[in-house]
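Notes follow the structure.
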Number of protein chains: 2
Amino acid sequence: MRGERGKRARSTILDVARLARVHPSTVSRILNDRPGLTLRPETRARVLAISKRLDYRPSALARSLRLQRTLTLGMLVPDIANAFLAGIIKGAEEACHERGYTLIVCNTADVPEREATYLRVLRERQVDGVLVASARLSDESIGSLLAERFPVALVNRGTHVDRGTRGNDDLWVHVDDRGGAVAAIDHLAALGHRRIAHVAGPQTTTTGRERLVGTRAALRRHGLTGTIVEAEAWSEVEGYRAARQLLRGDPPSAIFAANDLIAFGVLRAAREAGLDVPEDVALVGFNDIPEAALVDLSTVHVPQHEMGARAAELLIARAEGRPIAEPRILLETRLVARGSSAPAKERVTA
Amino acid sequence: MRGERGKRARSTILDVARLARVHPSTVSRILNDRPGLTLRPETRARVLAISKRLDYRPSALARSLRLQRTLTLGMLVPDIANAFLAGIIKGAEEACHERGYTLIVCNTADVPEREATYLRVLRERQVDGVLVASARLSDESIGSLLAERFPVALVNRGTHVDRGTRGNDDLWVHVDDRGGAVAAIDHLAALGHRRIAHVAGPQTTTTGRERLVGTRAALRRHGLTGTIVEAEAWSEVEGYRAARQLLRGDPPSAIFAANDLIAFGVLRAAREAGLDVPEDVALVGFNDIPEAALVDLSTVHVPQHEMGARAAELLIARAEGRPIAEPRILLETRLVARGSSAPAKERVTA
DNA sequence: TTGTACGCGTTATCAA
DNA sequence: TTGATAACGCGTACAA
């Protein structure tokens with residue numbers, strides 16, 4: 001039963017060397033060919049030919065063991081299936097691929113135990129660095145990585161891990177959450193809305209907090225109070241739950257949801273409450289995931305792909321020991337107005 | 001500049017052995033502890049303690065090199081950000097995690113060159129098997145893998161690779177595409193629709209073909225002809241393009257789109273054409289991705305998570321040389337009726 | 001019950 | 001210009 005498979009043993013560098021009548025190390029040199037090295041074209045050609053004929057492919061395992069680097073990056077995300085994260089992952093994956101790195105994406109489901117397990121696995125596999133896109137705060141695990149000076153890059157999340165012990169060279173790619181929130185509120189205010197509510201994201205996350213801060217500041221500037229409710233998670237379901245609470249009684253005329261998924265939940269709750277969007281209540285989300293266009297949701301655009309790519313590039317630079325000019329990258333957001341926040345304006349006082 | 005990082009060298013099995021005053025091999029034995037091996041509890045405890053103290057973690061690299069297996073699976077997908085595939089990936093990832101395997105997801109973007117590159121990378125990394133979820137047909141690359149008896153499992157795609165040279169033991173997890181299509185058409189016919197169109201998926205893919213076959217059969221059974229147009233890709237954009245062609249002139253009263261993304265495109269085209277869904281035209285999709293609920297799309301449900309999980313399990317079994325009872329798994333679909341296909345019925349002859 | 005010796009496949013370094 | 005050697009970190013057959 002066993003041993004049935006894996007018959008045709010893969011050819012190694014020794015096989016090539018033997019057939020080419022050279023030493024294995026010569027084969028290695030030729031195949032990797034460093035500039036500034038002198039090989040006789042003759043042997044070179046012969047080795048190349050043999051290696052092609054044997055379909056020789058070096059073992060990344062052995063090489064990594066020898067080189068002490070794997071050309072592999074790990075990535076921790078709370079949910080692969082989340083459209084926003086998917087965009088980030090894709091960006092990171094492409095940047096990695098371009099530079100010859102492989103990315104291992106790990107789905108933590110925001111469960112600390114899984115996070116820890118994966119972190120262990122990644123380290124056992126000697127990945128050259130870890131990209132952390134999970135939104136949760138305060139990770140001792142991350143703290144310990146940073147403490148060990150293990151290459152880590154944070155994407156779309158901050159950290160409250162003991163600022164004291166860390167330098168200012170932490171790798172960090174995020175967007176202007178406050179600015180985005182301000183843009184959202186400004187947009188709604190410009191449409192004439194005065195009764196604006198905010199369905200905030202979990203206040204256990206940096207993004208959730210920052211967006212709330214921006215919202216509050218903008219509301220104040222417009223001389224508005226605004227109602228704030230908090231969704232317990234960045235999900236449609238929790239957005240729905242929070243919105244129901246908000247819509248009972250005297251509903252606001254406009255709602256800014258902390259992200260698009262939450263906005264979808266708000267949308268569902270509004271419909272159930274017999275409220276039309278945007279006629280009865282205007283709605284703005286955050287992130288601009290592809291589905292936002294599907295339901296004509298106004299939202300704050302976030303360059304997901306770029307976030308992932310930039311973060312991966314930073315991390316690779318760090319892993320390769322290259323100097324990094326800007327370890328912290330702040331990307332701009334941009335409001336995308338769509339149907340969900342269209343009317344109002346003329347009926348300001350309606 | 002360099003050498004700055006990676007200072008604190010990770011402790012190896014030798015460090016543990018030294019401090020525990022035993023031979024490295026003893027440490028290895030204790031840590032892996034095979035049943036049926038007799039260790040003195042005393043040394044055992046000592047080694048365990050030391051290893052804990054040093055925070056020793058074995059190198060997966062070295063182990064894999066020695067064991068000739070990596071406990072790693074590769075996965076080829078055309079688009080990580082595709083919601084349907086994301087569900088499959090998630091299922092596969094979880095199954096892998098449960099069994100101690102790591103999954104490397106590769107985004108091929110349906111570009112043959114990338115597919116080939118990734119396949120090479122995965123083999124160099126000695127993955128124990130590859131999960132192929134790309135929908136394209138006829139891959140010589142896949143053919144060669146199969147020929148080499150390298151563990152491969154196909155998910156949501158068939159293969160037209162030379163049936164002759166392959167056994168019947170190919171690993172294959174897919175859904176009943178024909179049955180699903182039939183269910184969709186039956187559903188529309190039951191609503192009273194007589195002018196039913198099908199926006200088919202790319203006929204270069206097995207799923208696209210199977211769904212068309214099912215559609216044709218069902219239409220025929222109902223004594224209908226039906227219009228067929230083909231989308232050039234499984235995307236919103238191509239669905240839109242195909243639908244525009246379909247909707248000019250005398251539009252059908254119902255449309256079955258080969259998958260949800262295409263259905264979204266149809267939806268957009270219908271709206272632009274001033275047609276209301278479902279009042280003027282009923283719509284049914286395929287896959288039941290989460291976004292389908294968002295726009296109230298009727299669709300054929302596909303157990304994405306299960307597909308990924310089952311495929312991964314099959315592949316792991318094969319990689320470990322365990323016998324496989326059912327190498328080909330066919331999962332059932334189920335029609336989910338939502339608003340997009342609601343009315344009609346009473347106005348059959350309207 | 002534990003130690004010895006070797007090999008997994010590469011590549012860097014030094015010698016020739 | 002090429003060869004020889006050692007080492008990366010681990011697991012296992014065999015010996016003690």
Side-chain angles (χ1 to χ4, degrees), chain A residues 6 9-48 50-51 54-72 123-128, chain B residues 2-3 6 8-48 50-51 54-72 121 123-128:
Chain A
R10 293 189 29 171
S11 41
T12 78
I13 202 170
L14 282 88
D15 301 321
V16 178
R18 201 174 310 125
L19 266 77
R21 309 193 152 284
V22 293
H23 195 271
S25 60
T26 304
V27 177
S28 173
R29 271 185 294 246
I30 291 179
L31 261 34
N32 296 335
D33 89 313
R34 300 221 168 317
L37 227 138
T38 42
L39 294 310
R40 181 141 50 103
E42 185 179 312
T43 33
R44 189 183 143 76
R46 184 158 33 105
V47 167
L48 251 33
I50 302 276
S51 116
L54 291 191
D55 189 26
Y56 166 70
R57 270 153 339 193
S59 158
L61 247 38
R63 169 184 292 153
S64 294
L65 186 60
R66 175 67 237 233
L67 261 32
Q68 293 295 71
R69 49 195 293 247
T70 52
L71 291 180
T72 304
R123 305 212 57 188
E124 284 179 0
R125 295 184 161 262
Q126 323 271 80
V127 296
D128 297 336
Chain B
R2 291 193 63 113
R8 187 180 337 230
R10 293 191 28 174
S11 43
T12 77
I13 202 170
L14 281 89
D15 301 320
V16 179
R18 202 174 310 127
L19 265 78
R21 308 193 154 284
V22 292
H23 196 270
S25 60
T26 305
V27 177
S28 172
R29 273 184 291 244
I30 292 180
L31 262 34
N32 297 336
D33 85 316
R34 301 221 167 316
L37 227 141
T38 42
L39 294 310
R40 180 141 49 106
E42 186 180 314
T43 32
R44 190 184 141 76
R46 185 158 32 105
V47 167
L48 251 33
I50 301 275
S51 115
L54 291 191
D55 189 26
Y56 166 69
R57 267 147 344 185
S59 158
L61 247 39
R63 169 185 291 152
S64 294
L65 187 59
R66 176 67 241 242
L67 262 33
Q68 292 295 70
R69 49 196 294 248
T70 53
L71 292 180
T72 304
V121 170
R123 305 212 57 189
E124 284 179 359
R125 295 184 160 261
Q126 323 270 79
V127 297
D128 297 336

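Numbered from 1 within each chain, the chains take letters A, B, ... in sequence-line order.
Between A:L39 atom CG and D:dT2 atom C1' the separation is 9 Å, expressed in whole Å. What separates CZ of B:R125 from C1' of C:dT10 is a distance of 15 Å, to the nearest Å. Atoms CZ (A:R21) and C1' (D:dG3) sit 15 Å apart, rounded to a whole Å.
Panel note: side chain A:T72, backbone A:V127; no donor-acceptor pair is recorded below 3.5 Å. Remark: side-chain polar atoms of A:D128 are paired, donor with acceptor, to backbone N or O of A:L71 under 3.5 angstrom.
The side-chain heavy atoms of A:R69 and A:S64, taken from C-beta on, include no pair separated by under 4.5 Å. Side-chain contact check for B:Y56 versus B:I50: every heavy-atom pair is 4.5 Å or farther apart.
Across all strands shown, A:S64 has no heavy atoms under 4.0 Å from either base or sugar-phosphate atoms.
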Across nucleotides 4-14 of chain D, 5' to 3', mark each nucleotide with B, S or - according to how protein heavy atoms within less than 4.0 Å reach it.
BBBBBBBBBB-
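Listed by first then second residue, pairs satisfying salt bridge (Lys or Arg N to Asp or Glu O under 4.0 Å) with a partner in residues 13-23 of chain A read A:D15-A:R18, not counting sequence neighbours.
Between B:D55 and B:R10 there is no salt bridge, since none of the side-chain N atoms of the basic residue sits less than 4.0 Å from a carboxylate O of the acidic one.
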